[in-house]
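Excluded from the calculations below are hydrogen atoms, water molecules and symmetry mates; all remaining heavy atoms, backbone and side chain alike, are included.
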Amino acid sequence: MNRRDHITYRSHLRKVGSMKIGIIGAGNIGGNLARRLTALGHEVSIANSRGPQTLSALAEETGATAVDASEAARGARVVVVTVPLKAVPDLPAGLIDGAADGAAVIDTGNYYPQQRDGRIAEIEDGKPESRWTEEQIGHPVIKAFNGTYAQDILSNGLPKGSPGRQALPVAGDEAAAKQVVRDLIDELGFDTVDAGGLDESWRQQPGTPAYGHQGDEEAIRKALAEASPERTAEWRA
């Protein structure tokens, strides 16, 4: 797709109905999701650990509303938690309590024990990363975007049915919430592959064939099937 086609496609997507979306974490993934989702016409609130005053430039660029982390989920139909795993226990208590009934909560997180997070014993013992995050925040989560390059969110979206359209794995236990997330990813310009329940989400964790994969649905299905639950040395503490 050339630049003109991308502009036409994104203009078309702006006509899709708006949702209120809260993003907690304003790193590469959170920032680029804010850019795309506001461009699609969604009402986005975004927060980080340093306070809304540090997000003024991103808010001005995108039209998102910078808020405290405790306010980001208020009234949101979708909440995106995109913070380092080591920071998850420090998120405000009751973080999701003010979200809309039945809100879908997306966890984009990855466990990087050597590189960033230190040792988390339960994950080292085999608990899927997103199951651990779900327990910390006290709300079911859908695992998505964790193996996606941040730049892909800005540049790789294509219309539905395009040959070679990039696909993202999506894992979670709640069918309705998972469908909301899959529909939102489709709106962003990507196919999705149902990666099973949250206990199967290890299939898209770091070190697996699906992690960082930019292939289409068939390629992602194959990568998920080839995953091993045993962590390689690089991804253990």
Spatial distance of atom CD1 (Ile24) from atom CG (Leu95) [nearest 0.5 Å]
3.5 Å
State whether the side chain of Arg203 and the backbone N or O of Glu226 hold a donor-acceptor pair below 3.5 Å, judged by distance alone.
no
With a 4.5 Å cut-off on side-chain heavy atoms, are Glu134 and Pro140 touching?
yes
For a 4.5 angstrom cut-off between non-hydrogen side-chain atoms, does Leu58 reach Arg35?
yes
Rounding to 0.5 Å, atoms NE2 (His42) and CE (Met19) come to a distance of 5.0 Å
Using a 3.5 Å distance criterion without hydrogens, assess whether the side chain of Gln114 forms a donor-acceptor pair with backbone atoms of Arg236.
yes
Among Leu188, Asn32, Leu33, which residue meets the side chain to side chain contact (heavy atoms under 4.5 Å, CB included) test with Leu154?
Asn32
Report the relative orientation of the aromatic rings in Tyr112 and Tyr211; use parallel for angles under 30°, tilted for 30 to 60°, perpendicular for over 60°.
perpendicular
Do Thr148 and Phe190 come within less than 4.5 Å of each other through their side chains, counting heavy atoms only?
no
Mind checking the CD-CG spacing from Glu187 to Leu37? Nearest 0.5 Å is all I need.
7.5 Å
Residues Arg182 and Glu217 bridged, charged N to O under 4.0 Å:
no
Which heavy-atom pair separates Pro206 from Tyr111 by the least distance, and what is that distance?
CG-O, 4.3 Å
Please determine, by modelled atom types, if Lys143 and Ser130 share a side-chain donor-acceptor pair under 3.5 angstrom.
yes
Take Thr82 and Phe145 through the test side chain to side chain contact (heavy atoms under 4.5 Å, CB included) and record every step on the way to the result.
CA-CA 9 Å; Thr82 180; Phe145 296 108; over 6 Å; no
Could you walk me through whether Val81 and Val105 satisfy the side chain to side chain contact (heavy atoms under 4.5 Å, CB included) test, starting with their C-alpha distance in whole Å, then the side-chain angles of each, then the deciding distance to 0.1 Å, before giving a yes or no?
CA-CA 7 Å; Val81 178; Val105 179; 4.0 Å; yes
Student check: side-chain heavy atoms of Pro169 and His213 closer than 4.5 Å:
no
What's the spacing between Ile185 CD1 and Ile142 CD1 if we round to 0.5 Å?
10.0 Å
So, for Ala99 and Ala76, which heavy atoms are closest and what is the spacing to 0.1 Å?
CB-O, 3.7 Å
Under 3.5 Å, side chain of Ser45 to main-chain N/O of Gly22, donor-acceptor pair present?
no
Closest heavy-atom contact between Val181 and Ala104?
CG2-CB, 4.0 Å
Answer yes or no: is there a donor N or O on one side and an acceptor on the other, between the side chain of Asn48 and the main chain of Arg50, under 3.5 Å?
yes
Please report the closest heavy-atom contact between Asn28 and Ala150, naming both atoms and the distance.
CB-CB, 3.6 Å
Less than 4.0 Å between a side-chain N and a carboxylate O, is that true for Glu122 and Arg131?
no
Over all atoms of both residues, closest heavy-atom pair of Asn110 and Asn146:
ND2-O, 2.7 Å
